[in-house]
Amino acid sequence: MTFGQFLLVAVLAVPALGAVAAAAVPGDRAGRLVGTAAAALTLLATLPLVGGDHGWFGYGPRPAVQPWHQLDVSWVPGLDLRFHLGVDGISWPLVVLTALLTLLCCGYTLWRVPAGGGSGRALVALLLVVEVGILGTFLALDLVLFFLFFEVVLLPMYAIIAGWGGDDRRRAARKFALYTLFGSVLLLVGVYVVVAAAGTADLVTLTGGTGLSRGAQLAAFTLLALAFAVKSPLWPLHSWLPDAHTQAPTVGSVILAGVLLKMGTYGLIRVAVGVAPEGARWAAPVLGVLAVAAIGVGGLVCLAQTELKRLIAYSSVGHMGFVLLGVATLTATGLQAALIGNIAHGVITGLLFFLAGAIKDRTRTGSLAELSGLRETAPRLAGLLGFAAVASLGLPGLAGFWGEAFAVVAALRRGGGLWTTLAVLAALGGALTAAYFLRLLRRVTHGRPSPAVASLAPGLAGAELTAWAPLVLLALAVGLAPALVLSYSSGPVGALVGVVTR
């Protein structure tokens, strides 16, 4: 076993063992410490995965997927299923983001455990199980293995929402589970169509539509795209998201928005577009229209929101619309915009939910009408909220700018009346994003302090600063140096576009 293969196994084994240890260790705080240590070791294991034998220099056109490191062993010989893991420039940034956000959330529980029916160590154990599922989804290079890891996330995330969420948490958790199960059924049928038609589940072999007729690709893309649209979520299959975010505990919202949603958009790029390129070309105009509808509807709904976490949740619908628009163009610029948009959204929205949770914990309310004057009593918290809001609305120099701006550029470069119109409408949707975030800041940070805000202390806890500082720094770093993400993904994206558009 090479060092890279060892790391691939460790990235999945360490959080899995950490979850067992956190749940088994006597003492609640001891369990949280063990879980946090496992999350830290997982993050350390993800960092050396970069590069390898197939770095982004000299990336060849065949095959379209060239992992830096991969592990391919027989899993179920009778069914010809293989335990095939790999990492490349498309998946590695998401792997690191997942490990980082999980570590920050586990560390956050050392300071504050949300109210609910469960212990803190049980919450940390569930967060680590969710991490295993998300990391496995990003690393899987076998369709059946991809599906299994995709499903691992469902039950622990349901338990996190139902066990530590708000007053209406059980209804929100059931809605999350039902929608996700619907997507899972579609994903399973799509995987079956591909494997039955091609005779293999290997994503390296399947990328480019190898072994699939045009009819099989159209059917597979329709099923897979719908399944990933539920998970992302993309309009109009998004209605589970606001309830789940509003009721979930802070750490649950951070994981849900930061990386769990990215399983859908990653699957759309890696699996749906990669395996069924003819289906992607056929459906591209429809995807573009749905993307722009999501941007517009998300912005208008946000303008009408009166609850803090619900507004941030609906903003994700618009941001995922820009990601889908980039994917729909089927160009290198568009796919790069989608990938960096994924990372930026994970960083910025994770920070926004941390801040929203801190505000609700302090004031016992999320109503915008009851949160005025925050900068007068808690200027540090108000300043961080302002930073996260302007980063999310796409201010140049911060991470949110690149994905949304270049999704619009990609649509313009695609040319033609439809794509030009979609680009203009998406740009107008970006203006709506600025409008609702500026409205949020005016309602929450300006004006005279409301009774709920008037008694707040100005300081921030050390645990809060520790959890939030890496996200602030990443939002700045990716905004000022987008090559931190784009340089790794340029080669594999170019290869993918080469086989998709040939």
Side-chain angles (χ1 to χ4, degrees), residues 108 111-112 114-116 161 164-169 172 241-254 256-258 298-319 348-393 395 398 400 432-461 463-465 467-468 471-472 475:
Y108 196 75
W111 174 68
R112 182 189 296 275
I161 298 172
W164 289 270
D167 295 336
D168 199 22
R169 58 184 181 269
L241 180 69
D243 291 332
H245 271 314
T246 303
Q247 297 301 320
T250 297
V251 293
S253 293
V254 171
L256 186 61
L300 292 173
V301 172
C302 283
L303 282 172
Q305 289 306 304
T306 59
E307 207 278 337
L308 181 59
K309 289 184 71 174
R310 202 168 182 86
L311 187 152
I312 298 170
Y314 271 113
S315 74
S316 294
V317 176
H319 290 307
I348 297 169
T349 307
L351 178 60
L352 278 169
F353 275 114
F354 265 133
L355 296 169
I359 292 172
K360 290 192 71 172
D361 288 339
R362 285 166 165 80
T363 62
R364 307 301 180 190
T365 181
S367 172
L368 299 184
E370 300 175 19
L371 292 174
S372 63
L374 187 66
R375 67 174 185 173
E376 302 297 330
T377 58
R380 296 177 182 86
L381 188 57
L384 285 169
L385 180 64
F387 172 86
V390 298
S392 190
L393 64 82
L395 184 72
L398 297 175
L432 283 177
T433 306
Y436 66 72
F437 269 118
L438 292 176
R439 170 181 173 268
L440 166 68
L441 293 178
R442 180 180 65 82
R443 295 288 295 273
V444 174
T445 64
H446 288 61
R448 298 182 61 181
S450 64
V453 173
S455 60
L456 294 186
L460 298 173
E464 292 176 318
L465 291 174
W468 303 342
L471 301 179
V472 172

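For reference, positions follow the sequence shown, starting with 1.
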Once you round to the nearest 0.5 Å, how far does CG of Leu441 lie from CG of Leu368?
-> 10.5 Å
Atom pair CG (Leu308) and OG1 (Thr365), whose distance is rounded to the nearest 0.5 Å = 9.5 Å
Shortest non-hydrogen contact from Glu370 to Ala452?
-> O-CB, 3.6 Å
Please report the closest heavy-atom contact between Ile348 and Ala475, naming both atoms and the distance.
-> CG1-CB, 4.4 Å
Which heavy-atom pair separates Ala461 from Arg362 by the least distance, and what is that distance?
-> N-NH2, 4.4 Å
Thr433 side-chain N/O to Leu393 backbone N/O, donor-acceptor pair under 3.5 Å = no
Distance-only, no hydrogens or angles: does the Arg380 side chain make a donor-acceptor pair with backbone N or O of Pro458 under 3.5 Å?
-> yes
With rounding to the nearest 0.5 Å, note down the distance linking CD1 in Ile312 to OG1 in Thr246.
-> 9.5 Å
How far apart are the C-alpha atoms of Cys302 and Arg439, what are their side-chain angles, what is the distance that settles it, and do they pass the side-chain contact (heavy atoms from CB on, under 4.5 Å) test?
-> CA-CA 10 Å; Cys302 283; Arg439 170 181 173 268; over 6 Å; no
With a 4.0 Å cut-off, would you call Glu307 and Lys360 a salt bridge?
-> yes
Does the side-chain contact (heavy atoms from CB on, under 4.5 Å) test come out yes or no for Trp468 and Leu460, once each step is laid out?
-> CA-CA 11 Å; Trp468 303 342; Leu460 298 173; 4.0 Å; yes
Rounded distance [0.5 Å steps], CG in Leu241 versus OG in Ser253 | 9.0 Å
Under 3.5 Å, is there a donor-acceptor pair between the side chain of Thr445 and the main chain of Ala382?
-> no
Could you label the plane-to-plane angle of the Phe353 and His245 rings as parallel, tilted or perpendicular, counting under 30° as parallel and over 60° as perpendicular?
-> parallel
Contact summary for Arg310 and Asp243, nearest pair of heavy atoms = NH1-OD1, 3.1 Å
State, yes or no, whether a side-chain contact exists between Val390 and Phe437 at a heavy-atom distance under 4.5 Å.
-> no
Candidates Thr250, Thr349, Ile359 - the one meeting side-chain contact (heavy atoms from CB on, under 4.5 Å) with Phe354 | Thr250
Ser372 side, atom OG; His446 side, atom NE2 - distance, nearest 0.5 Å = 11.5 Å
